Amino acid sequence: MPRTLIKDLGKHIGEKVKIAGWVSVRRDQGKLVFFDFRDRSGSVQGVVLPKEELAMAVAKDIRAEYVVAVEGSVGERPAQNVNVGVLNGNIELKVEAMQVLAAAESLPFDMSLTGYNLDLPTELDHRALSLRHPKVQAVFKVQAVIIGSFREFMKSQDFFEFQAPTITPAMAEGGAEVFEVSYFDHKAYLSQSPQLYKQIVMTAFERVFSVNKIFRAEPSVTTRHLTEVVSLDAEMGFIESWQDVRDMAEHCVRFILDSVKTRCVEELKLLGADVPVMIEHTPTISLADALTKLGAPADKDLNPEQERRLCEMIKQETGSDFVFVYGYPTKQKPFYVYPQKDNPAVNEGMDLLCRGVEWLSGGRRINDYTQLMDHVAKWKMDPSKIAMFLEAFRYGAPPEGGFALGAERMTMQIVGLKNIREATMFPRDMNRIDGLLSSDEKKE
RNA sequence: GCGGGCGUAGCUCAACUUGGUUAGAGCACUCCCCUGUCACGGGAGAGGUUGCGGGUUCAAGUCCCGUCGCUCGCGCCA
């Protein structure tokens, strides 16, 4: 008999079916035994009646997370036992035969829907198991929709998808620390950003995007930093100003939020998620104005506490959970960021903040080769280390800009998690690569 | 790197403030009971070097010092 998916059982009332999946829980009533069965499509209650002696004999030994194949008939539940508003709440599988496909040892923690409550280190130490919990699965289903709808949106805007390299030479883009790789007889580095590559590819394909892992060797242990993250990158030519980049970024984020709201209804409900509000025109404020608003010294960047306060103020004034901040000190940002024409000390870089956390950064880039070389010199960079990048601009590059989104940070904030590690299936940080590094031997 | 918090059963937590018989509970586990349960219910049982080391004391899970680990905040970082 072919396998029927659990979500389709409602179409087979009165029929004999076969399902296969995991046992979420057994409720033993003595003469009656109930199960919740689960497969990739959903859950259903099974009941083993006393007359099914063979099935009952098997059922008595089955515990949570056993993998089973079950044959039986789909029946409507007695009226008083219907669960309204739940998948298969009106039906149950009357078990006639059960086969154990794989046994499971007793679980190291409470996997029940109501009792699941783990400290983060325990959740991560047992990732293979915690990944089976509906609430954990919901987080990663939302994340898959975020990344998928980023792709969908960029393609709808005629952006070309390319694969950025992970192994890079020493480009010294400045900023973040990089991981060194032993590369045959040489040193190479893990990419901390596809920035220069996406600009190169832009000069050939005009509008480009990439979805790839980036790596940062920062000694940061915070609730919003990882050493390995998914970066959603976009770059576009023929802009007139940085506002064109902002508008594209805003449409992109709006599309992603709308996709999640329509495609992840059950997941958001299960997680009790409060999706951030994006209003018609996202408030946009210069860094200088933001600092004035906060009563902060004029020459600094926003610290985390100020980012939170700014977001709270904007939320109160406009109802928006998002705010664009633009115009950063030119010297404090990478060499490729475009300085304002009338005030070159300030650039056309921008960030998108949401509820105190940075979701996106981007802006306009320098496309004029002479100006670029001038910055390379001022930033004391070695042109031979970024020769490929410079070549793209030496031979004609349009006015351009782009942005990058952090997929894990978006996931974290959309579903309302406190720690980015919960929004990452296999998080890497200073203390952990799957297991805790402190339990390994240190390298000499 | 700096500062705070925490470390008790497989998991989540009590007991610590004010040191005092045998360190408790829920879930999980083992056994028993239950014909309509809703990630059940009832009964019994097993499960602990209180992270580790030292100190104070008649007596330390509890107070002190050290150490290791985790965690939160800052810094760094986008």
Side-chain angles (χ1 to χ4, degrees), chain A residues 22-38 43-51 56 63-65 75 77-84 86 88-89 92 94 104-126 129-130 132-135 173-178 192-193 195 214 216-227 229 231 233 301-305 307-308 325 328 332-334 337 349-353 357-363 403-406 408-409 418-419 421 429-432 436-439:
Chain A
W22 288 263
V23 169
S24 291
V25 67
R26 183 185 71 189
R27 289 183 293 277
D28 196 330
Q29 292 281 303
K31 297 226 167 47
L32 279 182
V33 176
F34 294 93
F35 288 98
D36 286 350
F37 298 119
R38 169 184 97 236
S43 286
V44 69
Q45 168 164 283
V47 56
V48 187
L49 298 168
K51 64 174 182 173
M56 185 61 81
R63 292 185 308 230
E65 297 308 315
R77 292 193 188 195
Q80 70 272 19
N81 291 327
V82 168
N83 277 339
V84 185
V86 178
N88 294 330
E92 63 190 0
K94 291 178 174 155
E105 294 181 14
S106 65
L107 305 182
F109 50 81
D110 189 348
M111 281 276 282
S112 74
L113 198 57
T114 45
Y116 181 81
N117 172 34
L118 300 183
D119 288 341
L120 185 56
T122 311
E123 177 178 336
L124 297 178
D125 284 342
H126 297 280
L129 247 195
S130 61
R132 297 186 187 185
H133 194 272
K135 283 188 175 178
E173 190 202 314
E177 295 290 321
V178 293
Q192 55 158 303
S193 162
Q195 180 65 36
I214 60 170
R216 309 222 157 152
E218 295 300 329
S220 299
V221 186
T222 80
T223 53
R224 58 194 185 284
H225 288 91
L226 296 168
T227 55
V229 301
S231 181
D233 271 86
D301 201 347
L302 297 170
N303 64 35
E305 196 251 330
E307 289 179 337
R308 282 191 289 271
V325 179
Y328 289 84
Q332 288 175 24
K333 292 290 167 177
V337 184
M350 61 166 188
D351 284 354
L352 176 63
L353 306 182
V357 172
E358 193 185 305
W359 271 34
L360 172 152
S361 67
F403 58 89
L405 286 155
E408 290 86 353
R409 282 190 179 182
K418 290 203 173 74
N419 192 312
R421 290 159 186 79
D429 61 32
M430 263 185 102
N431 297 334
R432 179 185 290 276
L436 286 171
L437 297 170
S438 52
S439 57

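Below, read A as the first sequence line, B as the second, and so on, with proteins coming before strands; counting in each chain starts at 1. What you are looking at is a predicted structure, and each value in this text was computed from that prediction instead of being measured.
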rA9(B) and rG48(B), which share atom name C1', separated by this distance in whole Å: 6 Å
rC27(B): pairing nucleotide in any strand, Watson-Crick or G-U under 3.5 angstrom: rG10(B)
Whole-Å distance separating the CG atom of L129(A) from the P atom of rC27(B): 20 Å
Parallel, tilted or perpendicular: rings of H133(A) and Y116(A) (30°, 60°): parallel
Residue D119(A), side-chain heavy atoms: nucleotide from rG75(B), rC29(B), rC13(B) that is nearest: rC13(B)
Minimum-distance nucleotide (side-chain atoms of T122(A) versus rG36(B), rU12(B), rG73(B)): rU12(B)
Rounded distance (Å) that lies between atom C1' of rG69(B) and atom CG of N431(A): 9 Å
Separation between the C1' atoms of rG61(B) and rU18(B), rounded to whole Å: 16 Å
Euclidean distance for P, rC27(B) against rG41(B) (whole angstrom): 6 Å
Interatomic distance at C1', rG7(B) relative to rA14(B), whole Å: 15 Å
For rA15(B), the Watson-Crick or wobble counterpart (both distances under 3.5 Å): none
Interatomic distance, D110(A) CG vs rC13(B) P [rounded to whole Å]: 13 Å
Partner nucleotide of rU56(B) by Watson-Crick or wobble geometry (both distances under 3.5 Å): none
Whole-Å gap separating P (rC77(B)) and CG (N303(A)): 13 Å
Atom-to-atom span, NE2 of H126(A) to P of rU12(B) - whole angstrom: 8 Å
Base rC76(B) paired with S220(A) side chain (donor-acceptor, <3.5 Å): yes
Distance below 4.0 Å between S193(A) side-chain N/O and rA78(B) OP1 or OP2: no
Interatomic distance at C1', rC76(B) relative to rA60(B), whole Å: 41 Å
Spacing of the P atoms in rG20(B) and rG10(B) (rounded, Å): 25 Å
hbond_proxy E105(A) side chain to rG10(B) base (donor-acceptor, 3.5 Å cutoff): no
Any strand: nucleotide that pairs with rU50(B) via Watson-Crick or wobble, under 3.5 Å: none
Nearest listed nucleotide, side chain of E92(A), among rC11(B), rC76(B), rU37(B): rU37(B)
Contact letters for nucleotides 38-51 of chain B, in which S counts primed atoms plus P, OP1 and OP2 and B counts the base, heavy atoms under 4.0 Å: BBB-----------
By side chain to side chain contact (heavy atoms under 4.5 Å, CB included) - contacts of A404(A) (at least two apart): K198(A), S231(A), D233(A)
Out of rU71(B), rC76(B), rG10(B), whichever nucleotide has its closest atom nearest the side chain of P108(A): rG10(B)
Nearest listed nucleotide, side chain of E218(A), among rC70(B), rC13(B), rC77(B): rC77(B)
Closest to the S438(A) side chain, choosing from rC29(B), rU35(B), rG69(B): rG69(B)
Selection from rC72(B), rC77(B), rC11(B) that lies nearest to any side-chain heavy atom of R216(A): rC77(B)
Atom-to-atom span, CG of D301(A) to P of rC74(B) - whole angstrom: 14 Å
Span that lies between the C1' atom of rC68(B) and that of rU12(B), in whole angstrom: 24 Å
Rounded C1' spacing from rC72(B) to rU56(B) in Å: 32 Å
Candidate nucleotides rU35(B), rG73(B), rU71(B), ranked by approach to the side chain of P50(A) - the nearest: rU35(B)
Integer-rounded Å distance: rC68(B) P and L436(A) CG: 16 Å
All N/O contacts under 3.5 Å from nucleotides 2-9 of chain B to the protein, with atom names and distances to one decimal?
none

Per-pair stack call F34(A) and rU37(B), 5.5 Å, 30°: yes
